[in-house]
*Asks:* 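This structure is in structure tokens; I'll ask about it shortly.
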Amino acid sequence: MNDQHDHGALGDAEYAEFMELAAEEGFDLEEVEGAIEEAGHGPLPVLAVVGRPNVGKSTLVNRIIGRREAVVEDKPGVTRDRVTYEAEWAGRRFKVVDTGGWEQDVLGIDAAVAAQAEYAIETADAVVFVVDAKVGATDSDEAVVKLLRKAKKPVVLCANKVDGQSGEADAASLWSLGLGMPHPVSSLHGRGTGDMLDAVLDVLPEAPEQTFGGVAPGGPRRIALIGRPNVGKSSLLNKVAKENRVVVNELAGTTRDPVDELIELGGVTWKFVDTAGIRKKVHLQQGADYYASLRTAAAVEKAEVAVILIDTTETISVQDQRIITMAVDAGRAIVIAYNKWDELDEERRYYLEREIETEMQQVSWAPRVNVSALTGRHMEKLVPAIETALAGWETRVPTGRLNAFLGEVVAAHPHPIRGGKQPRILFGTQAGSKPPRFVLFASGFLEHGYRRFIERRLREEFGFEGTPIHMSVRVREKRGAQYKKKK
């Protein structure tokens, strides 16, 4: 085994013991090692591919990922949303984000496309800026350059559509953009893409520079306040800060840009991010509202904890649930703050509790605080809830203890028999934290319901309050199939 491989959250001795167990159960050790590495590395570094419409971004993405997945059509604006793919070059894995074309001073769907590209740049670790070498640098390209300089992300300049030696001069003219050497490429034919990807690996970090949800270790813990428009996010921030830091207005959507505020609570400095409200049907929005939605998503990506505000005076909506799902999918620690609690009468309180039971099942594990951002009611409970969620998010279960627990659970509650077979969990490990990530190795396919049961029992046994749990299952191949593969 290669000692340089990533062992996830496992120490050397624990890893050696675990691999011995895997060998005894007849697993292919390279596959086991790969599963731990995959689950344990956390997020892969992200490469955003940006440029104005119809410069060949999607064709380049297909070339990078080695398959035709991104939609390609010879007209501008085919790609409208950010699409993410996994790629590998020279043994290194990373994510590639294909974006819609960026145009300055545009309205409607084009503004939405531009917003997607801006968000992709903001959340990427490095950027490939694609320019049509045949056309040369346009005003829109110059606008992208300003955006890239402002973002201060590493940039590789791709001079696309250089199909032969004659196009090299066109590529050289792009030095004028001031982004360093233009890499002449034909994404259609593959010419020059290898050299360009080598340059990408030079600037792309092995792991994202901003680790653990976008926060460098040792800095203030970042808290994103998220929720529907006019739910009271700005009021809550002002109340915890004990001063008016941000604009509060009854008009929904007053906040456009996230406002980062360092606030001391309980002797600890926290970084609160007040985000713009996430609206319905994001893809139909235009202008500032659309940008606000994307910036909110970016704030969640950069946070460690998402405090999700719910307006208790209104019925819990599909939009509330979408926002919760976004935070869960991002792998953030979560606190649910039920705001405007002081405005409830007994009848509304009764129905709200029923709604919480039925509509909030997916985050029943999240700490809950009933607050009033207006009066300050129960504000003192917010920080302990955040600390609880962070503790759950960082919890690590030693492999030995985990396997003793799994053995007891499987013995007491075996998987149902399906098709005459009864799959079993053979062993498992926690490959990472922030959020907790588990890999279970089994003798057969585990049904979704049984996985949920295992997650529920994990929470009962080890806590994990306030954090999503990611769980992957690897099934042992039959020894005969394994032998054939090796031959």
Side-chain angles (χ1 to χ4, degrees), residues 1-46 86 88 91-95 205-208 211-214 217 304 328-333 365 390-407 409-410 424-443 445-446 448 450-459 461-477:
M1 292 283 103
N2 187 345
D3 290 339
Q4 292 182 331
H5 276 240
D6 185 356
H7 298 167
L10 282 69
D12 289 343
E14 192 178 3
Y15 177 77
E17 188 180 333
F18 182 77
M19 295 303 281
E20 193 176 320
L21 181 61
E24 286 172 10
E25 290 290 352
F27 274 86
D28 182 295
L29 296 189
E30 283 187 17
E31 286 186 15
V32 171
E33 192 174 55
I36 295 172
E37 190 175 337
E38 189 177 318
H41 61 56
L44 292 170
V46 176
E86 276 202 19
E88 185 175 329
R92 282 187 44 200
R93 292 168 59 224
F94 53 94
K95 285 185 178 175
E206 290 281 352
T211 54
F212 310 135
E304 294 175 281
V328 171
D329 289 348
R332 301 298 170 251
W365 38 261
L390 276 169
W393 194 60
E394 294 170 338
T395 295
R396 160 99 177 98
V397 181
T399 299
R401 192 175 168 204
L402 175 66
N403 281 300
F405 158 77
L406 289 173
V409 171
V410 169
R424 281 188 314 116
I425 297 172
L426 302 168
F427 57 96
T429 190
Q430 183 178 346
S433 58
K434 303 181 182 185
R437 295 183 294 274
F438 291 90
V439 188
L440 303 182
F441 296 85
S443 62
F445 176 76
L446 301 183
H448 188 62
Y450 195 70
R451 296 185 195 203
R452 277 204 315 270
F453 163 71
I454 294 295
E455 180 184 330
R456 194 166 65 248
R457 289 290 290 111
L458 276 168
R459 291 186 184 280
E461 184 73 16
F462 302 110
F464 294 118
E465 190 177 354
T467 181
I469 289 176
H470 293 173
M471 190 182 299
S472 59
V473 178
R474 295 303 173 106
V475 176
R476 178 178 60 193
E477 290 185 21

*Asks:* Taking Y450's backbone N and O only, do any of them form a donor-acceptor pair with R452's side chain (distance below 3.5 Å, no angle check)?
*Replies:* no
*Asks:* What residues, two or more places apart in sequence or in another chain, satisfy side chain to side chain contact (heavy atoms under 4.5 Å, CB included) together with R92?
*Replies:* L201, L204, E206
*Asks:* Excluding sequence neighbours, so at least two apart, what forms ring-ring contact (aromatic ring centres under 6.0 Å, His included) with F445?
*Replies:* none
*Asks:* Of all the heavy-atom pairs spanning K95 and E86, show the shortest one and how long it is.
*Replies:* CG-CG, 4.4 Å
*Asks:* To the nearest 0.5 Å, what is the distance between CG on L402 and CG on L406?
*Replies:* 4.5 Å
*Asks:* With E394, which residues qualify under salt bridge (Lys or Arg N to Asp or Glu O under 4.0 Å), at least two apart?
*Replies:* R221, K434
*Asks:* Answer yes or no: is there a donor N or O on one side and an acceptor on the other, between the side chain of Q430 and the main chain of V397, under 3.5 Å?
*Replies:* yes
*Asks:* Does E88 have any side chain to side chain contact (heavy atoms under 4.5 Å, CB included) partners at least two apart in sequence or in another chain, and if so, which?
*Replies:* R93
*Asks:* What heavy-atom pair brings P436 and T395 nearest, and what distance separates the two atoms?
*Replies:* CG-O, 4.3 Å
*Asks:* Is it true that E455 and R451 have a side-chain N and a carboxylate O under 4.0 angstrom from each other?
*Replies:* no
*Asks:* Partners of F427 by ring-ring contact (aromatic ring centres under 6.0 Å, His included), sequence neighbours excluded?
*Replies:* F18, F27, F441
*Asks:* Nearest 0.5 Å please: distance from the CD atom of E465 over to the CH2 atom of W365.
*Replies:* 10.5 Å
*Asks:* Under the ring-ring contact (aromatic ring centres under 6.0 Å, His included) rule, collect the residues that match up with F405, sequence neighbours excluded.
*Replies:* F462
*Asks:* So which heavy atom on G331 is nearest to which on P435, and how close?
*Replies:* O-CD, 3.4 Å
*Asks:* Starting at CE of M471, measure out to CG of L446 and round the result to the nearest 0.5 Å.
*Replies:* 9.5 Å
*Asks:* Would you say R474 and L440 make side-chain contact, with heavy atoms under 4.5 Å?
*Replies:* no
*Asks:* To the closest 0.5 Å, what do you measure between CD1 (I469) and CZ (R459)?
*Replies:* 4.0 Å
*Asks:* Looking at T399 and T429, would you say the former's side chain and the latter's main chain have a donor-acceptor pair under 3.5 Å?
*Replies:* no
*Asks:* What do the steps show when you test F438 against H470 for side chain to side chain contact (heavy atoms under 4.5 Å, CB included), and what is the final call?
*Replies:* CA-CA 6 Å; F438 291 90; H470 293 173; over 6 Å; no
